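Notes follow the structure.
Since the model is a prediction, treat every value here as computed from it, not as a measurement. As the structure lists them, so they are numbered: ligands from 1, and atoms in each ligand from 1. The residues of the chain are indexed from 1 along the displayed sequence. The analysis underlying the following values was restricted to heavy atoms, covering all of them including side chains, and did not include hydrogens, waters or symmetry mates.
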Amino acid sequence: MALIVQKYGGTSVGSAERIKNVANRVAKARAEGHDVVVVVSAMSGETNRLVALAHEMQDTPDPRELDVVLSTGEQVTIGLLAMALKNIGVAAKSYTGWQVALKTDTAHTKARIESIDDKKMRADLAAGRVVIVAGFQGISSEGDIATLGRGGSDTSAVALAAALNADECQIYTDVDGVYTTDPRMVPEAHRLDTITFEEMLELASLGSKVLQIRSVEFAGKYKVRLRVLSSLQDGSNGTLITFEEDDNMERAAVTGIATDKNQARINVRGVPDKPGVAYQILGAVADANIEVDMIIQNVGSEGTTDFSFTVPRGDYKATLSLLNDLKDSIGAADIDGDDTVCKVSVVGMGMRSHVGVAAKIFRTLAEESINIQMISTSEIKVSVLIDEKYMELAARVLHKAFELEK
Ligand code: ASP
Ligand code: MG
């Protein structure tokens, strides 16, 4: 008998029928003798619908109020799942984020979890009840409802698993594991039985849609055993995310390819080429709580230089406007950007021991006449920023070039 945290995403609870299926899966784990804590997302499409409604009220919805609205999606699914379980004779109780005291900071719409009180959950488990917790939400240090960022239910699940010291955290989604790349884009993509945390972190942060990055960070930090599986099909063990030290597999150079359209490029042109400029620009962006990803500064000519970086697409307009306000104090000649770009990343632990991976990427893209706008690398990753219209093509040719179909 084990303590298992199961998380079901929006597609898995996307209809009454699917919620009943989830109830059956939970009942099965109970029947096998496990204690189960379930975390659910809102029904698929619901959070987007709520975001759109909020934008009808305000161009930039008030973050506190936006969280009040967004958190309702998950409140619906926890209640429905509790009913579905009771209907098949399984004792269960639902809780919102604040009811289980999932405490966060005050960064509305992207709050970070600070602590979780497991008392209530433990009491329910001891009484033989399934505990159902609303994903994606908590209560801020100021007592307000706060959400954890899109896809945040994954993080809720892993955080609960860590707090409860669960034996396994199972993330049920609409794919049966982590793939070499998005199979909807590249039909030859295949499921990986295992992937290391380091790789998963790169793949998740690079926009692989399977898991929210914070959930992987959390799992790595607290050594949560994390598995991704399908809620829509049976008979697969999904993908287990392993710790590098436990993983002694012989690795190919490349494990997977991630694509990310949530990118926008900002160019700050003709800034004085002197110490402090990068800080002036990026410090202001960081102060606005906007995450900067890729950065390049060109070699200056005639005392000025161009500075480019990427931000999440949702922060594109805000970044442009805050930099335009600073244009004179920075001394920039021009500020512009492009929000029709995407990032394609090639990831693999094996890169540490294989040379020539970057060159092969550049050659492969060149053969398709795909222009590279920015490049960034780490020990186990090479990313390129390209025009979003070439995203699928790039993923396909790179997948082939690294023989990931095998
Ligand atoms: N419902 C939220 C979203 O759509 C959280 C989640 O699904 O994980 O982003
Ligand atoms: Mg999700």
Just how far is it from atom CE of Met43 to atom CZ of Arg18, taken to the nearest 0.5 Å?
-> 10.0 Å

Do Thr77 and Tyr8 touch side chain to side chain, with heavy atoms closer than 4.5 Å?
-> no

Gly151 to ligand 1: N or O pair under 3.5 Å?
-> yes

Hey, could you give me the OG/CD distance between Ser378 and Glu202, rounded to the nearest 0.5 Å?
-> 4.0 Å

Among the heavy atoms of Gly152, does any lie under 4.0 Å from an atom of ligand 1?
-> yes

Is it true that Glu74 lies under 4.0 Å from ligand 1, counting heavy atoms only?
-> yes

Please identify which atoms of ligand 1 are closer than 4.0 Å to at least one heavy atom of Thr47.
-> 1 (N), 2 (C), 3 (C), 4 (O)

Atoms in ligand 1 flagged as close to Arg150, the criterion being non-hydrogen separation under 4.0 Å | 3 (C), 4 (O), 9 (O)

Between Thr106 and Glu142, does any side-chain donor sit less than 3.5 Å from a side-chain acceptor?
-> no

Side-chain contact test, heavy atoms from C-beta onward, threshold under 4.5 Å: evaluate it for Arg363 versus Lys360 and give yes or no.
-> yes

